[in-house]
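Encoded as structure tokens, the structure appears first; notes follow it.
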Amino acid sequence: PEIGCLSIVVLGASGDLAKKKTFPALFNLYRQGFLQSHEVYIFGYARTKISDEELRERIRGYLVPSKNTVKGHEEDLTNFLQLIKYVCGSYDTEEGYQLLDKEISAHEIYRNSTEGSSRRLFYLALPPSVYPPVCKMIKKCCMNKSDLGGWTRIVVEKPFGRDLESAEQLSNQIGELFEEPQIYRIDHYLGKELVQNLLVLRFANRFFMPLWNRDNIDNIQIVFREDFGTDGRGGYFDQYGIIRDIIQNHLLQVLCLVAMEKPVSLKPEHIRDEKVKVLQSVVPIKDEEVVLGQYEGYLEDPTVPDGSYTPTFATMVLRLHNERWEGVPFILKAGKALNSRKAEIRVQFKDVPGDIFKSNKQGRNEFVIRLQPSEAMYMKLTVKQPGLKMSTVQSEMDLSYGQRYQEVTIPEAYERLILDTIRGDQQHFVRRDELKAAWEIFTPLLHRIDRGEFKSIPYKQGSRGPAEADKLLEKAGYVQTHGYIWIPPTL
Ligand code: BG6
């Protein structure tokens with residue numbers, strides 16, 4: 001039953017991910033009434049010897065109100081922090097976990113003196129190298145008490161390995177201990193409002209049905225840009241690089257949702273079945289359809305090893321061998337230290353045949369889904385220039401969320417995803433076979449980069465990235481609109 005005691009254990013409680021994402025997400029869920037004081041207990045677990053109060057103080061500063069939640073913030077914060085207990089222990093020996101189990105159980109027995117269940121969620125805000133020992137210890141010492149019913153689930157986040165082999169090894173290690181329905185692999189892009197909207201957009205609108213294919217679409221771009229560099233995360237980043245950090249997971253997940261066929265139903269397995277098919281239809285990436293870059297100054301970061309080849313920018317073309325998409329390039333582009341921060345999907349349609357207005361020269365129809373910031377969907381289209389003259393001009397139909405949904409606070413990705421883990425909904429999580437297929441696509445290229453066989457082109461911080469990337473875009477068929485730019489509406 002979905003009632004009774006719920007214990008949420010955040011392992012790595014004083015780390016960055018926990019402080020910046022996990023606890024704030026839990027707090028927001030609490031504020032919205034999804035975590036009821038009388039049934040939820042939150043445990044922080046880490047190696048540092050600190051008290052409950054010290055942990056609470058460490059995370060307090062990260063729990064800030066949004067513009068709509070200022071009222072009652074302080075009171076909620078105090079109550080929320082009271083739900084958090086700290087348990088100190090190492091990650092690979094039993095003692096700490098036995099203590100943790102004792103704490104959870106004491107609470108469960110107390111709560112369940114009348115009825116209920118033992119629901120245990122373990123959030124591993126830890127480096128993946130310790131996933132196997134941690135999972136082993138959880139399995140050994142901390143599983144839900146079967147006489148009370150309930151469940152045990154674990155939440156993990158990338159990087160899941162560095163290539164196909166290491167990812168499979170990790171999957172095997174975890175898979176020996178937990179069943180797939182117990183494992184929640186987070187890709188936080190799947191928790192973003194406009195990513196979640198993709199399914200609705202595509203399959204609940206007649207508009208798109210006849211257009212969403214190779215007959216009408218010329219090319220699709222999925223773009224991630226950040227206007228800052230590694231910012232002290234160089235040590236982590238350098239081991240992975242932009243392809244493993246952003247493209248292999250976040251952008252590829254978005255690609256799946258853009259390209260997949262309609263699932264049989266909204267059941268998580270039906271959706272994930274379709275995503276896997278997309279991944280399996282990706283053909284090997286060609287060297288000439290990849291441009292890598294590294295921003296100038298990256299090597300000056302003290303946490304980055306001298307002479308590192310790691311790319312901080314990549315543009316590449318993925319091609320799908322299937323009936324809907326044969327011949328349509330999917331251009332994935334991601335970069336750090338660029339001239340802007342945004343993530344968007346840009347679907348560019350083919351030219352109008354037999355064009356009598358010469359409008360093709362001005363620009364093509366484009367449908368843009370802007371994931372962030374300023375969430376929006378807009379359709380760039382040609383209209384008659386208002387006035388007496390018969391001339392055409394580029395304009396747009398615009399659904400900007402900030403304007404259209406002024407009263408709504410768009411939930412953070414982590415908030416939504418954690419709620420899903422509690423509810424047991426795996427739709428927005430990466431299944432094991434999906435992960436494997438994703439690694440199969442990129443591993444050959446990544447190995448060549450690691451061996452230093454594929455060099456990154458230097459680019460200036462705050463630029464568009466290497467000029468070669470724009471050339472690749474053009475070669476792939478993307479036509480830039482000239483003299484027109486969409487500006488998010490201001491309120
Ligand atoms: C993370 C990457 O997964 O996503 C970071 O490791 C990146 O390098 C971040 O900055 C971007 O997330 P968002 O939600 O800010 O687009």
Side-chain angles (χ1 to χ4, degrees), residues 12 15-22 24-25 28 62 64 66 123-129 155-162 167 184-198 221-255 257 292-295 298 301 303-304 308 310-314 332-346 369-376 401 409-418 428-430 435 438-439 442 446 461 465:
D16 247 23
L17 177 65
K19 281 191 300 205
K20 290 187 184 154
K21 301 291 184 190
T22 320
N28 283 342
Y62 293 90
V64 287
S66 72
Y123 193 111
L124 276 59
L126 292 168
S129 53
V155 185
V156 286
E157 184 156 358
K158 71 150 203 316
F160 305 113
R162 300 191 77 255
Y184 287 72
R185 295 181 196 85
I186 285 201
D187 182 313
H188 81 283
Y189 266 59
L190 292 177
K192 291 192 187 274
E193 182 66 40
L194 267 76
V195 175
Q196 298 208 338
N197 192 29
L198 281 169
Q221 279 184 72
I222 303 171
V223 180
F224 167 95
R225 305 163 149 272
E226 264 177 356
D227 53 2
F228 48 89
T230 45
D231 271 357
R233 282 172 81 230
Y236 151 79
F237 186 87
D238 195 74
Q239 288 176 44
Y240 295 95
I242 199 77
I243 299 176
R244 294 182 178 96
D245 191 45
I246 304 288
I247 298 184
Q248 183 264 355
N249 32 71
H250 302 330
L251 299 194
L252 195 65
Q253 285 293 325
V254 172
L255 181 148
L257 295 169
L292 304 178
Q294 189 186 75
Y295 66 84
Y298 173 71
D301 180 333
T303 54
V304 169
S308 161
T310 304
T312 60
F313 174 99
L332 306 187
K333 177 171 173 177
K336 300 232 166 216
L338 297 176
N339 56 351
S340 62
R341 173 182 172 250
K342 68 174 176 184
E344 64 182 18
I345 305 161
R346 194 169 280 269
I369 301 163
R370 173 139 160 159
L371 309 180
Q372 66 188 36
S374 311
E375 290 90 343
Y401 277 46
T409 306
I410 295 181
E412 275 288 315
Y414 281 92
E415 209 173 306
R416 227 190 277 267
L417 295 175
I418 292 176
H428 304 293
F429 294 82
V430 183
L435 181 66
W439 277 117
F442 294 103
L446 287 166
Q461 292 189 39

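Counting starts at 1 for both ligands and their atoms, in listed order.
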Under 4.0 Å, counting heavy atoms only: does Y189 come that close to any atom of ligand 1? yes
Are any side-chain N or O atoms of Q294 and backbone N or O atoms of S308, one a donor and one an acceptor, separated by less than 3.5 Å? yes
Please list the nearest protein heavy atom to atom 10 (O) of ligand 1 with its residue and the distance rounded to 0.1 Å. E226 OE2, 2.6 Å
Which atoms of ligand 1 sit under 4.0 Å from any heavy atom of K336? 5 (C), 7 (C), 8 (O), 10 (O)
Taking E193 first and then R416, would you say they form a salt bridge - that is, a charged N and a carboxylate O separated by under 4.0 Å? yes
Can you tell me which residue and heavy atom of the protein come closest to atom 12 (O) of ligand 1, and the distance to 0.1 Å? H188 NE2, 3.1 Å
Among protein heavy atoms, which sits nearest to atom 1 (C) of ligand 1, and what does the distance come to when rounded to 0.1 Å? K158 NZ, 3.5 Å
Pick out which of H250, K158, Q253 makes a side-chain hydrogen bond (donor to acceptor under 3.5 Å, both in side chains) with D187. H250
Distance under 4.0 Å to a non-hydrogen atom of D245: what atoms of ligand 1 satisfy this? 2 (C), 5 (C), 6 (O), 8 (O)
Does the pair E226/K336 count as a salt bridge with the N-to-O cut at 4.0 Å? yes
N/O donor-acceptor pair under 3.5 Å between R185 side chain and V156 backbone: no
List every atom of ligand 1 that sits less than 4.0 Å from any heavy atom of K192, numbering the atoms from 1 in the order shown and giving each element. 13 (P), 14 (O), 16 (O)
Look at the side chain of N339 and the backbone N and O of D227, then say whether any donor-acceptor pair between them is shorter than 3.5 Å. no
